[in-house]
Amino acid sequence: MSHANNQAEKIKAISGVNPLKCMKCGKCSATCPAFNEMDIKPHQFVSYVQNGDIEALANSKSLWKCLSCFACVERCPRDVQPGRLIDAARQIVVRTKGQTGLAPEEIPELLDSEVPQQLLVSAFRRYRR
Amino acid sequence: MSIKNEEFRPKIVAFCCNWCSYAGADLAGSSRLAYPADVKIIRVPCSCRVNPMFILRAFEKGADGVILCGCHPGDCHYSTGNYYARRRMTLLFSMLDYIGVENGRTRVEWVSAAEGVKFSQTMNEFVEKIRSLGENVRLGDLRCKN
Amino acid sequence: MQELITRAKELLENGTVARVLGWKAGDLPYNPEPAYFTNAEELKDFVYNGFCGANLSKYMIEASKLEGKTLVCLKPCDTYSFNQLLKEHRVDREKAYIVGVGCKGKLNIEKVKSFGIKGIESVFGAEMTDNADTLTFQTIYGEKTCSYAEAMLERCHVCKGKEHVIYDELIGESKDTKDAERFAEVEKIEAMSPEEKFAFFQKELSKCIRCNACRNVCPACSCRKCVFDSTKFDSAQKANVDSFEEKMFHIIRAFHVAGRCTDCGECSRVCPQGIPLHLFNRKFIKDINELYGEFQAGADAETKGPLTNFTFDDAEPSIVANR
Amino acid sequence: MQRIGVFVCHCGSNIAATVDVKKVVEMVQMEPGVVHAEDYQYMCSEAGQAKIAAAIHEKNLTGIVVCSCSPRMHETTFRTAAERAGLNPYMVEIANLREHCSWIHKDMEEATKKAVILARAAIAKVNLNTPLKPGESLVTKRALVIGGGIAGIQTAIDIADAGYEVDIVEKTPSIGGRMSQLDKTFPTLDCSACILTPKMVEAASHEKITIYTYSEVDKVSGFVGDFTVDIRKKARSVDATKCTGCGVCQEKCPSKKAPSEFNRGLNTRSAIYTPFAQAIPNVPVIDRDACMKFQTGKCGVCEKVCQAGAIDYTQKDEIVTQKYGAIVVATGFDTIKLDNYDEYAYSQSKDVITSLELERIMNAAGPTKGHLERLSDGKHPHEIVFIQCVGSRCSDDRGKSYCSKICCMYTAKHAMLIRDKYPDVNVTVFYIDVRTPGKNFDEFYRRAVEEYGVNYIKGQVGKVIPQPDGKLLVQGSDLLDNKQILKEADMVVLATAIEPEASVRKIATMLTASIDTNNFLTEAHPKLRPVESPTAGVFLSGVCQGPKDIPETVAQAGAAAVKAIGLLAKDKLMTNPCTAKADELMCNGCSTCANVCPYGAISYEEKEINDHGIREVRRVAVVNNALCQGCGACTVACPSGSMDLQGFSNRQIIAEVDAICR
């Protein structure tokens with residue numbers, strides 16, 4: 001198995017998402033609040049994973065623009081859950097960089113009372129594994 | 001008695017209802033979806049035709065596993081047969097478990113006429129399970145063994 | 001007991017009933033046996049005491065075919081069996097005059113003997129009128145005593161209650177003798193490993209001599225012809241030769257009465273080999289209660305039995321492996 | 001002892017390539033009862049069948065085992081062949097050496113071994129077979145159609161035209177169904193009512209058709225050719241024989257607050273009402289829940305104004321019991337509830353509507369008299385957004401997994417009609433795919449785009465946000481431009497998924513007709529028997545079987561009618577002889593078997609029984625062979641084993657078990 005394929009398989013395994021279920025309706029992109037910030041749009045994300053182009057995803061801006069609000073996950077009619085795919089892609093990138101996670105003791109000093117609750121929650125979602 | 005070092009080939013009886021599971025088995029056949037030859041199918045009109053006596057009889061005569069296949073709940077050709085079969089088999093299996101027969105020698109699976117793949121998969125799994133359990137010694141009648 | 005005899009005489013005399021189905025004294029002080037009485041003269045032998053464990057409801061199948069009504073003495077738990085038979089059209093309600101007799105727990109002579117009380121000549125404390133908690137035995141080795149409760153049949157320790165579920169009149173006081181968990185024994189076996197379970201039943205069932213006493217006494221096992229005597233299953237007249245035979249017999253017997261067995265405990269009471277046969281029936285009852293909702297066979301004569309009923313979302317048989 | 005002949009088929013190389021057929025022939029000859037065994041290239045061919053016939057004559061065979069393909073394939077062939085040769089057809093059993101053996105195994109030795117075992121099991125069974133004779137049952141020459149929409153109407157007319165009596169049962173006060181609610185129809189744009197009304201009139205005036213409106217099927221018993229059905233005629237509170245249909249009662253009725261079902265609740269109707277002007281019959285009903293007379297006892301206006309004296313407050317539900325030979329289900333569809341789709345703001349804004357509601361708005365008899373206006377403020381809209389696939393093609397439990405099939409076309413229709421009538425209105429359609437297979441369908445859609453300038457955007461809408469000024473902000477995506485779109489609209493129309501009418505579940509249960517997880521009725525075969533239910537004598541017409549448009553519905557309605565006519569044309573039906581049978585000597589009369597019988601085929605008789613010299617009257621089970629379908633549920637429920645199934649008896653199955661485990 002090639003490296004790219006391997007990465008795609010990993011993303012599927014981590015997210016538990018089968019991108020083949022996508023019927024390309026674009027409801028994820030329609031619903032995404034960070035759409036305009038993204039270079040690779042949520043629905044494209046799914047097909048990138050399907051086609052195994054993880055390299056592009058890893059280098060994309062979108063990876064870090066996703067708010068993990070999971071509106072796309074909630075509304076996707078096919079249970080494809082693009083948000084989870086993005087989350088999984090982040091995991092891959094983070095792992096390759098050797099940053100396996102956030103230590104609990106590091107959290108308090110990173111906290112800012114101005115930070116919105118949702119961001120915190122999504123950060124935990126992102127890093128606690 | 002069979003020679004010890006020979007590979008264990010279980011005897012497996014599969015009761016299949018005529019309308020769904022037997023047709024599912026036919027579809028597995030026409031789709032060439034292989035499963036071990038250890039499985040022998042008996043056609044019954046409905047899963048509710050299968051008397052616990054038949055299952056115990058099979059074990060008595062040396063079967064190592066018995067599986068019952070019927071239409072999915074809600075799809076019974078006779079509308080309610082599999083619901084009765086479901087209760088009967090649940091209680092029977094529970095009793096077999098209670099008297100110490102290994103779990104897994106009996107199984108119920110709902111297989112529709114369109115599920116050739118499922119039929120084949122189920123049989124492969126079941127044969128695998130029975131092979132791992134080995135010969136049925138707890139229920140067999142020694143006189144019936146070859 | 002006297003009240004019972006007086007009333008029976010009255011009903012016989014005024015023609016309400018043609019006979020009385022009760023118990024008469026046996027050859028020993030602790031083995032009364034079921035009997036018919038057709039007149040006041042015969043009623044002199046009538047007894048009713050703590051040893052009258054027999055469930056008389058099954059006798060009503062034959063009695064229903066006789067001319068006239070039969071007065072039948074039923075203890076609270078026996079009335080469940082009667083109801084079940086009624087549901088299955090095996091007895092005729094019109095042919096029965098049910099006297100619900102009081103019960104304060106029935107005695108198990110094997111239990112008494114296990115206390116070392118042997119050579120019994122007479123018993124005190126087993127009469128219905130006796131309120132003593134102690135049984136006193138006059139034996140050839142002198143006077144011996146034991147606790148009434150401890151000498152009770154297993155079924156009385158898990159008593160279904162002192163209420164009669166069907167009757168024409170009630171005579172005598174009843175007592176709820178429940179002092180144990182009904183499913184405790186079943187749970188104990190369920191907790192065993194498969195090997196232990198197998199060993200347990202192997203040991204118990206290997207005692208079976210296929211005398212069919214369990215089958216003959218059981219009010220639910222009332223088929224005109226049992227499948228084990230029938231040519232229709234190629235299972236007829238099999239001698240008890242190997243370990244599988246009696247397992248098959250007892251599993252199928254229990255299965256055939258599943259959902260119909262009232263848990264009257266007669267099978268265990270009459271087994272000459274002392275096999276705890278109720279453990280089979282009670283396992284089914286426990287499963288039925290857990291999987292399909294609480295069900296007491298014979299609580300009424302209308303409700304559909306759990307094996308002739310279903311719901312769309314019943315548990316799958318795989319639940320057995322996953323429990 | 002039987003004299004059994006075993007015939008092993010090569011099926012060309014299908015069996016013979018994997019199973020050593022000669023070896024099978026050799027092995028089965030050692031089985032008890034076998035007096036003849038041979039193999040042949042194609043047993044099902046005429047020459048093969050001739051071999052069977054010859055052996056029956058020469059060797060006086062009493063039983064046959066054919067080792068061939070699945071019994072589902074050729075059991076009938078071989079049974080017929082045996083019958084022609086003078087043998088009872090039920091003395092034939094099939095060992096399935098193809099689907100269950102040669103096709104799934106590769107190793108010849110292993111497959112041959114298994115083949116021998118399968119043959120042995122069949123031989124063991126035949127040894128216990130007994131000749132069986134099918135019974136006969138008469139066919140009642142009358143059909144019932146459940147549902148009075150276009151499907152039901154068409155089926156009824158076709159059956160009636162063939163000369164058979166037909167009854168239509170419709171639960172609403174008028175026939176007409178969903179089609180009567182439509183404004184125009186695609187792809188011709190002709191007016192729905194204009195083409196439907198003549199059909200309704202034809203059905204109503206047909207001498208062979210009886211219509212029961214405001215009626216429901218209460219109970220069904222019996223079986224193919226001989227169903228008995230209880231029809232509940234709900235109390236109309238109006239005497240149909242006296243009513244002249246003048247309509248004064250509806251005009252004068254003071255309680256006019258009930259939501260109009262016909263107009264999808266977009267406006268109200270009176271408590272006494274006919275659903276629409278062309279209703280058939282033109283006899284109103286009183287909605288007792290909405291009527292002041294029934295609720296408070298004070299009113300009675302309709303009674304006072306009715307010249308014909310047709311109002312009858314004391315009317316009660318009436319049960320009509322009728323016998324039928326065939327039953328056609330034509331219960332139709334409804335749109336799904338949108339409770340699970342909050343993102344489209346259906347419950348928040350009156351200007352977010354379903355397509356069926358738009359039909360009513362566009363219709364001259366609708367709540368806005370045919371004027372396109374916003375239901376919130378009555379204003380003329382300038383921007384309309386259509387959203388496709390709302391609740392269709394959805395793999396979670398919020399919606400339906402299937403494509404509703406008709407939405408692409410009716411949306412094109414709506415878009416086109418709006419642009420045609422109101423060129424000032426901009427129409428935007430958000431789609432996932434545009435699906436237009438069908439004659440003149442794609443051309444129709446292309447016209448909407450090319451001639452009428454409807455703006456189709458590939459991409460789904462994520463949410464609709466009602467604005468304080470009454471506008472609707474539609475946030476969607478344009479996948480081709482890779483843009484997210486924010487569009488202000490005045491109205492949003494949802495192409496809501498369709499689902500089978502909810503009442504079909506109950507009807508399916510009564511008919512013992514199988515139904516799938518989406519509540520669509522199942523066909524006997526998805527390709528080859530698409531208008532028949534697996535339950536004999538029950539046929540499917542229209543959307544109750546699956547989504548379809550009007551022409552398809554009408555075509556299927558005709559097909560269902562033909563199938564029903566084919567049944568009604570027969571005088572007698574042969575019944576399956578593999579039925580349950582109670583052994584009177586062993587029967588306890590305990591009713592356990594009757595409790596599990598799905599067909600009510602078991603009854604009890606007090607019968608004098610001679611049990612080895614003892615004569616007594618006993619309660620014994622009696623099976624009605626015409627009702628029994630042979631499932632065998634009773635045989636297992638029976639504690640004494642007195643109930644047995646002919647053709648699949650306890651001993652036969654045990655013999656098979658023994659042969660396999662030997």
Report task. Sort B:Leu92 into side chain, backbone, both or neither according to what part of it lies under 4.5 angstrom from a heavy atom of chain C. Result ->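 Contact with chain C is through both the backbone and side chain of B:Leu92.
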Query raised in the report: Relative to chain C, which segment of B:Pro52 carries a heavy atom at a distance below 4.5 Å: side chain, backbone, both, or neither?
Result: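 For B:Pro52, heavy atoms of backbone and side chain both lie under 4.5 Å from chain C.
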Part of [X] within contact of chain B (heavy atom distance under 4.5 Å):
X        : value
C:Asn309 : both
C:Glu196 : neither
C:Ala321 : both

Is the shortest side-chain heavy-atom distance between [X] and [Y] below 4.5 Å?
X        : Y        : answer
B:Arg107 : C:Ser318 : no
B:Met53  : C:Phe255 : no
B:Asp97  : C:Glu190 : no
B:Leu96  : C:Val320 : no

Report task. Might you work through the side-chain contact (heavy atoms from CB on, under 4.5 Å) test for B:Arg87 and C:Thr311, ending with a clear yes or no? Result -> CA-CA 10 Å; B:Arg87 283 202 171 184; C:Thr311 64; 4.1 Å; yes
**Report entry** Contact leader toward chain B among C:Leu279, C:Asp287, C:Asp314, C:Ile189, where contacts are heavy-atom pairs under 4.5 Å
**Finding:**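 Greatest number of close heavy-atom pairs with chain B: C:Asp314.
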Report task. Specify which of C:Ile319, C:Thr308, C:Leu291 makes the most heavy-atom pairs with chain B at under 4.5 Å. Result ->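 Top option by heavy-atom pairs under 4.5 Å: C:Thr308.
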Requested in this report: Could you go through the side-chain contact (heavy atoms from CB on, under 4.5 Å) check for C:Phe280 and B:Ile99 one step at a time?
Outcome: CA-CA 9 Å; C:Phe280 283 98; B:Ile99 66 162; 3.8 Å; yes
**Report entry** Gap between atom CD of C:Glu316 and atom CE of B:Met89 - 0.5 Å precision
**Finding:**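 Here the interatomic distance stands at 13.0 Å.
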Query raised in the report: Rounded to the nearest 0.5 Å, how far apart are CG of B:Asn51 and NE2 of C:His256?
Result: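 So the gap between those two atoms works out to 5.5 Å.
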Query - C:Lys113, NZ: over 12 other non-hydrogen atoms inside 6.0 angstrom - result: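 Yes, because the 6.0 Å sphere around NZ of C:Lys113 holds more than 12 heavy atoms from other groups.
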Requested in this report: Give the member of B:Glu102, B:Met95, B:Glu109, B:Arg88 that has the highest number of heavy-atom pairs under 4.5 Å with chain C.
Outcome: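 The residue among B:Glu102, B:Met95, B:Glu109, B:Arg88 with the greatest pair count is B:Met95.
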Query raised in the report: Given B:Val101 and C:Phe201, is the side-chain contact (heavy atoms from CB on, under 4.5 Å) satisfied, shown in steps?
Result: CA-CA 11 Å; B:Val101 175; C:Phe201 281 103; over 6 Å; no
Query raised in the report: Okay, side chain of B:Tyr98, backbone of C:Val186: is any donor-acceptor separation there less than 3.5 Å?
Result: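 Such a contact is absent between B:Tyr98 side chain and C:Val186 backbone.
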Query - Closest contact, heavy atoms only, B:Leu91 versus C:Phe284 - result: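 Answer, listing the atom of B:Leu91 first, then C:Phe284: O-CE2, 3.3 Å.
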Report task. Go through the steps for B:Leu56 and C:Ile252 under the test side-chain contact (heavy atoms from CB on, under 4.5 Å), then give the verdict. Result -> CA-CA 9 Å; B:Leu56 296 186; C:Ile252 293 295; 3.7 Å; yes
